[in-house]
Structures are given as C-alpha cells and as structure tokens.
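Notes follow once the structure below has been shown.
First the proteins, then the strands, lettered A, B, ... as listed; each starts at 1. What you see is a predicted model, and the numbers here were worked out from it, not measured in a lab.
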Protein chains: 2
Amino acid sequence: MLESTLDIGTAAQILKLLGDKTRLTMVKILDHHDCCVCEFVGIFNMSQPAISQHLRKLKDAGVVGETRRGQWIFYSLNKNSEYYQLVQNLLSHLPSQDDKLAQLEEQGLRISCE
Amino acid sequence: MLESTLDIGTAAQILKLLGDKTRLTMVKILDHHDCCVCEFVGIFNMSQPAISQHLRKLKDAGVVGETRRGQWIFYSLNKNSEYYQLVQNLLSHLPSQDDKLAQLEEQGLRISCE
DNA sequence: TACATATATAAGCATATTATTATATATTGA
DNA sequence: TCAATATATAATAATATGCTTATATATGTA
C-alpha cells in the first residue's frame with residue numbers, strides 16, 4: 001500500500017483517458033463488476049464500435065484487462081496496473097453506478113456466463 | 001474532511017482539465033506556491049498567451065483563483081473549490097515540481113512582490 | 001503623459017478526439 | 001457447414017483542443 005509517485009506526463013495521460021464521461025463510468029462500473037461489451041452497449045447510448053473503441057483505449061493504457069468467456073469478452077479492472085492506486089483514489093470520489101447494471105438486469109440484458 | 005461524491009460528468013470534466021501535462025504541472029506547483037503568469041512563462045516552453053489560456057481554463061472551472069498584486073496577477077489553488085479534495089488526492093500521486101521554481105530562482109526570474 | 005511591462009483576448013491553423021457507418025473476424029449452435 | 005451473435009477494425013466526418021501571432025488592456029514609472 002505504498003504511495004508511490006507517477007511521472008507527471010504519464011499521470012496527465014491517465015487523467016485525460018479518464019476525463020471522458022463514458023470511460024469514467026465504465027471504469028467505475030468495472031470497479032465492482034466485470035462487464036462484457038454488449039452490456040456496455042446496453043448501458044450507453046452509443047454504437048457498439050464506439051464502445052469497443054473506448055474499451056480499447058482503456059486496455060491500451062493497461063487500466064483494464066479482457067478475458068474471453070465463450071462468445072463474450074469480459075473486461076475487468078487491472079488490479080496490477082501501476083495506475084491502479086490512482087484510479088481507486090479517483091473512483092472513491094464518484095457515486096456508485098450500480099443502478100445502470102440494475103436497469104440492464106430489468107431489461108434482461110445482463111450477461112452471466114458462468 | 002467528509003468524503004463527498006461528485007457527479008460523474010462533472011468529475012470527468014475536471015479530469016479532462018487536469019489531463020494536460022502543462023495544466024497538471026501548474027496545479028502541482030500551485031499546491032505549494034502561488035505563481036504569477038510570467039513565472040509560468042519562464043517555466044514552460046510556451047508563449048505567454050498559451051499560458052494565459054491554460055490558466056483561464058483552470059480558473060473557469062474554479063480550480064484556481066487569481067489576485068492582482070501590483071503589476072502581476074498571482075494564481076493560487078482555490079481551497080474552497082468543490083473539487084479541492086479530488087485535486088489534492090490526485091496531486092498526492094505526483095512528484096514535487098519544486099525543481100522548476102528552483103531553476104527559475106537561479107535564472108533570477110522568480111517574482112516576489114511582498 | 002508616454003513608455004515599458006504584465007496579462008488577456010481574438011483569430012487562425014494543425015492536430016486530436018469521438019462519434020458514425022461499413023466491414024472483417026471469431027465463436028456458437030443448428 | 002452455415003447462420004446468428006459478439007466484438008474489432010477501418011474509413012470518415014464533425015467538433016474540440018492547444019498552440020501560434022497580432023492586438024488590446026491594465027499597471028507602474030520616468
């Protein structure tokens with residue numbers, strides 16, 4: 001739980017990455033639940049490619065990781081990222097986004113492939 | 001020291017604002033020292049209008065405030081901002097930028113108008 | 001008052017960002 | 001094997017961003 005320091009240019013890149021409402025919401029959701037692309041498509045009012053592109057940016061930065069489970073690719077927070085601590089810190093300032101998943105559930109769009 | 005929550009869209013805006021290396025460095029410096037525009041001009045390899053424009057964005061968001069002292073306008077962190085807590089949290093992940101002020105001092109460019 | 005210094009604003013331009021649509025690829029299951 | 005579903009990539013277009021230069025405004029001082 002060491003409070004290490006990030007290069008300021010690197011930190012700025014991460015803040016820019018998270019300085020987008022869609023991506024920030026994604027990350028907040030992923031803090032508590034893994035999600036697949038189609039769930040995000042259900043949550044955001046945006047095309048599937050747009051969702052994929054946001055996830056790609058998060059993945060390229062190492063903030064999230066992906067695992068294929070059958071037909072679906074699930075994204076999760078990368079707890080081993082060197083930015084994880086910063087990200088956790090940020091997320092603590094944000095309200096839960098669990099309502100978005102609850103809505104999905106109501107619509108029968110929640111994926112569970114266990 | 002209440003840990004209150006920010007609207008996620010608002011938080012994203014603040015992160016975007018700070019997701020620029022120049023502005024993030026400015027804020028980190030202002031965390032410890034008030035600075036005037038011409039000092040920032042000395043620190044960053046950038047024109048004076050560019051500096052003013054960055055400061056304007058920070059001011060418009062309420063992250064920093066300004067006070068005229070004679071010929072100079074000094075900027076400072078706005079400790080009353082509703083984002084102050086978030087900002088402090090972010091800054092704790094960044095290395096000190098005091099070397100930049102030290103360099104200024106060496107060049108005789110540090111302003112003190114007390 | 002006139003000039004120097006500090007700062008802000010305006011206009012313009014190059015580049016980055018974020019969406020869209022169209023299409024490619026991978027997996028599942030009949 | 002073929003069709004359906006899930007996801008990724010490519011091309012493109014609209015808008016945003018971050019500089020630059022030119023200019024305006026405010027203050028201090030001879």
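Atom CE in A:M26 sits roughly 11 Å away from atom P in D:dT7 (whole-Å rounding). Straight-line distance from the CG atom of A:L55 to the P atom of D:dA6: 15 Å, rounded to whole Å. What separates CD of B:E66 from C1' of C:dT7 is a distance of 10 Å, to the nearest Å. Atom CD1 of A:I73 and atom P of C:dT28 are 11 Å apart (whole Å).
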Exercise. Going 5' to 3' through nucleotides 24-30 of chain D, assign each nucleotide B (protein heavy atom under 4.0 Å from a base atom), S (under 4.0 Å only from sugar-phosphate atoms) or - (no protein heavy atom that close).
Key: ---SS--
Practice problem: Indicate for each nucleotide in nucleotides 10-21 of chain C, in 5' to 3' sequence, whether protein heavy atoms under 4.0 Å reach the base (B), only the sugar-phosphate (S), or nothing (-). | Solution: B------SSBBB
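Partners of A:T5 under the side-chain contact (heavy atoms from CB on, under 4.5 Å) rule, at least two apart in sequence or in another chain, are B:P95. Under the side-chain contact (heavy atoms from CB on, under 4.5 Å) criterion, B:N89 pairs with A:N89, A:H93, not counting sequence neighbours. In this view, A:H32 and A:D98 satisfy the side-chain contact (heavy atoms from CB on, under 4.5 Å) rule, not counting sequence neighbours. Under the rule for a side chain to side chain donor-acceptor pair (under 3.5 Å), the partners of B:D60 that lie at least two apart in sequence or sit in another chain are B:R56. By the salt bridge (charged side-chain N to carboxylate O under 4.0 Å, His left out) test, A:E66 is found to be paired with A:K59, residues two or more places apart in sequence or in another chain being considered. Shown here are the salt bridge (charged side-chain N to carboxylate O under 4.0 Å, His left out) partners of B:D34, two or more places apart in sequence or in another chain: B:R69. With sequence neighbours left out, A:Q13 forms a side chain to side chain donor-acceptor pair (under 3.5 Å) with no residue at all. Qualifying side-chain contact (heavy atoms from CB on, under 4.5 Å) partners for B:S52, counting only residues two or more places apart in sequence or in other chains: B:V37, B:Q48. Scanning for salt bridge (charged side-chain N to carboxylate O under 4.0 Å, His left out) contacts around A:D99 gives an empty result, with sequence neighbours left out.
Against DNA chain C, the stretch residues 27-38 of chain B makes heavy-atom approaches under 4.0 Å through B:C36, B:V37, B:C38.
Contact annotation: A:Y75 side-chain N/O to D:dA6 OP1/OP2 distance is not under 4.0 Å.
Sparse packing is recorded around NZ of A:K21, with 12 or fewer heavy atoms of other residues, nucleotides or ligands lying under 6.0 Å away.
Applying side chain to side chain contact (heavy atoms under 4.5 Å, CB included) to B:L24 and the options B:L94, B:L17, B:L90 leaves one that passes, B:L94.
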